[in-house]
There are 2 protein chains.
Amino acid sequence: MHSFTEENYLKTIYYLAARQEGEVTTNSLAEMTATKAASVSDMLRKLAEKQLIHYRKYQGVRLTEEGERLALKVIRRHRIWEVFLAEKLGFGWDEVHEMAEELEHIRSEDLVQKLDAFLGYPQFDPHGDPIPSPAGQMPTVEYTKLSEVTIGEEVQVMGVLEHSPEFLQHLDKTGLNLGCRVLVQDVNAFDKSVSVQINHEKTLFVSNEVARNLLVN
Amino acid sequence: MHSFTEENYLKTIYYLAARQEGEVTTNSLAEMTATKAASVSDMLRKLAEKQLIHYRKYQGVRLTEEGERLALKVIRRHRIWEVFLAEKLGFGWDEVHEMAEELEHIRSEDLVQKLDAFLGYPQFDPHGDPIPSPAGQMPTVEYTKLSEVTIGEEVQVMGVLEHSPEFLQHLDKTGLNLGCRVLVQDVNAFDKSVSVQINHEKTLFVSNEVARNLLVN
DNA sequence: ATAAAAATTTAGACTCGTCTAAAAATTTTT
DNA sequence: AAAAATTTTTAGACGAGTCTAAATTTTTAT
Ligand SMILES: [Mn+2]
Ligand SMILES: [Mn+2]
Ligand SMILES: [Mn+2]
Ligand SMILES: [Mn+2]
C-alpha cells in the first residue's frame, strides 16, 4: 500500500508533467506541495526505489507506467468524489476540491466503483475535468481558452484552468457557469479583455486574466 | 485540530467506558487499538495534556466533557457514513464498517451536515446503533438481548452487539435481518440455545452465542 | 505481611515526513 | 572558460506514533 503523502506526490508529478514539456523539477514540486526542496529530494529517492518514478539526480523526474497508473487512480477518485459532493450533496464547485483532497485517499476499489455507478458514470467533474477510466486512461479533450476565440464565434463554457475558490466564485457572480453559451463580440486591442454575450442575453466584459482560464468549445 | 490517531483513541475510550463500570484500563485500550500498552501509555499522557481525558497514572482513564464531545462527533460521522454506504451505495452491513473507519476522519462540519440531510436525518446506522445528535448527545435506547427473552414472547430484531463481518454474514445467511420478527418458542436447558420462529414463517435454532449478540426490542 | 504475579510506565530506538543549514552539481552570466 | 547564481542533494535534527526491554507500581496469593 502507499501512503497519503506518496499518493499526493504522484498526483502532483502527473499534473506538473501534463503542463510542461520534459521532466518535472524538484523546486516546482516543492512549491506545489507546499514543502521544501530538501523534503522533495528525500521523497523522490523513496519513490524511485519503489519504481514509481524515473529519477536521475539533478535531472528531474518522470512517472513510470506504474506511477502514472497510481496517479490516475487518485485523480479518478478525486474527481468522482467532487461529482458526488456537487451533484448529490449540493456543494458549490468552489467548495468541493478541499474535501475531495481528503476523500481521494480512502482506500477501497469497491467504494469508488459503487460511487461511480451511483452517480451514473459521470464523464466530467464539476470543473469540467475529464474523469480517468477505471482502467487508468485519461480521456483526451481538446478545449480552447476563451482568450483564443475570434470575434463573432459562439462557444460553450466547458471547463476552467484555474480552480481557486476565488476564481470560481467570481464566475458564479458573473454568471459564467459550465455549459453556458458565450458569443465573442469584441476584443479590446489594449488589454485583450473580451466583450461577450451570455446565453443570448446579457452582455459583459471579461478580463484577459479570466478569459485565459476559461476553457470553451 | 486532532489527529486520526487521537480521534481513534477517544472513540475507543468511549466504547470501553460504555461497556464497563469505572475507568478504562491501559491494557484494554492496547487490545482494542491493536497496539502495545507502552504506546497507549504514551498517548494517554498526550491526551491528558490536551485535557481530553482524566488520567491518574496506574489508575486508568476517563473522558473529559470535551473528550466525550469529540468522541461522539467521530462516532456520529462513522455511523452516518455507514448509512450512506448501505442505503445509497448498496453495501452490505458486513462491509460498511471498515470504510467508515476511514471516512469518519474526514474533517468538515459541513460535509457531515449535508450528508445527514441527504440521507433524511437517519436515527440508526445499519447495525441498529443510534446516531449521536449534531450537538453531541448519544440517544438512549433500551434493547434486550435475544438470550434474555422468555418463551412465548415475540420481539423484533433491533441491532447487534457483535459487529464482525463473520457474525453479520451468518445472520444474513439465516435470515435474521434488522427489523425481522422473532417468536421465542423454546430455550434449550442445556446449552441455552433458542428455538425461534422468524416472521411467522420458518423456524430455526439460534445458539446462545448468537442470541447474546442480537438486540431485540 | 511478604512474595509473586500482573499491569503500567519509562527508556531508548525506529520509521515517516518534515525542516534548516551546508555541500555539491548545474546553469547562467560575464 | 571562469565566476556567479541557481538548483538540487546531503547531513543532521525533530515530532508523531509505534516498538521492545527494563523499571516501577498495583494487585493477588501465600
Ligand atoms: Mn479538485
Ligand atoms: Mn475538479
Ligand atoms: Mn462501524
Ligand atoms: Mn455501525
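Chain identifiers are assigned alphabetically (A, B, ...) following the order of the sequence lines, protein sequences preceding nucleic acid strands; residue numbering begins at 1 within each chain.
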Considering every strand and a 4.0 Å limit on heavy-atom distances, what is the contact class for [X]: base, sugar-phosphate, or nothing?
{"X": "B/Tyr9", "answer": "sugar-phosphate"}
{"X": "A/Thr26", "answer": "sugar-phosphate"}
{"X": "B/Thr5", "answer": "sugar-phosphate"}

Distance below 4.0 Å between [X] side-chain N/O and [N] OP1 or OP2:
{"X": "A/Tyr55", "N": "D/dT9", "answer": "yes"}
{"X": "B/Thr35", "N": "D/dT18", "answer": "no"}
{"X": "B/Ser41", "N": "C/dT9", "answer": "yes"}
{"X": "A/Ser39", "N": "C/dG17", "answer": "no"}
{"X": "A/Asn27", "N": "D/dT8", "answer": "yes"}

Pairing of A/Arg212 and A/Glu148 as salt bridge, 4.0 angstrom limit
no

Lys NZ or Arg CZ of B/Lys46 over B/Tyr55 ring: under 6.0 Å, within 45°
no

Give a yes/no verdict on a cation-pi contact between A/Lys88 and B/Phe118, requiring under 6.0 Å between NZ or CZ and the six-membered ring centre and an angle within 45° of the axis.
no

Which one, [options], comes nearest to the side chain of [X]?
{"X": "A/Gln59", "options": "C/dG17, C/dT26, C/dT8", "value": "C/dT26"}
{"X": "A/Ser3", "options": "C/dG17, D/dA11, D/dG17", "value": "C/dG17"}
{"X": "B/Lys46", "options": "D/dG17, D/dC19, C/dC19", "value": "D/dG17"}
{"X": "A/Lys36", "options": "D/dT8, C/dT20, D/dT18", "value": "C/dT20"}
{"X": "B/Tyr58", "options": "D/dA21, D/dT25, D/dT9", "value": "D/dT25"}

May I ask you to check whether B/His97 and B/His127 place their ring centres under 6.0 Å from each other?
no

Please compare A/Lys57 and B/Leu44 by the position of their nearest nucleotide in DNA chain C and report the one closer to 5'.
B/Leu44

Going by the salt bridge (Lys or Arg N to Asp or Glu O under 4.0 Å) test, name the single residue among B/Lys73, B/Arg77, B/Arg76 that passes it with B/Glu7.
B/Arg77

Can you check side chain to side chain contact (heavy atoms under 4.5 Å, CB included) on B/Val184 and B/Thr150, steps first, answer last?
CA-CA 7 Å; B/Val184 174; B/Thr150 54; over 6 Å; no

Both distances under 3.5 Å, Watson-Crick or G-U wobble: on that basis, could you give the dot-bracket string for DNA chain C, with [ ] for crossing pairs and | for other-strand partners?
||||||||||||||||||||||||||||||

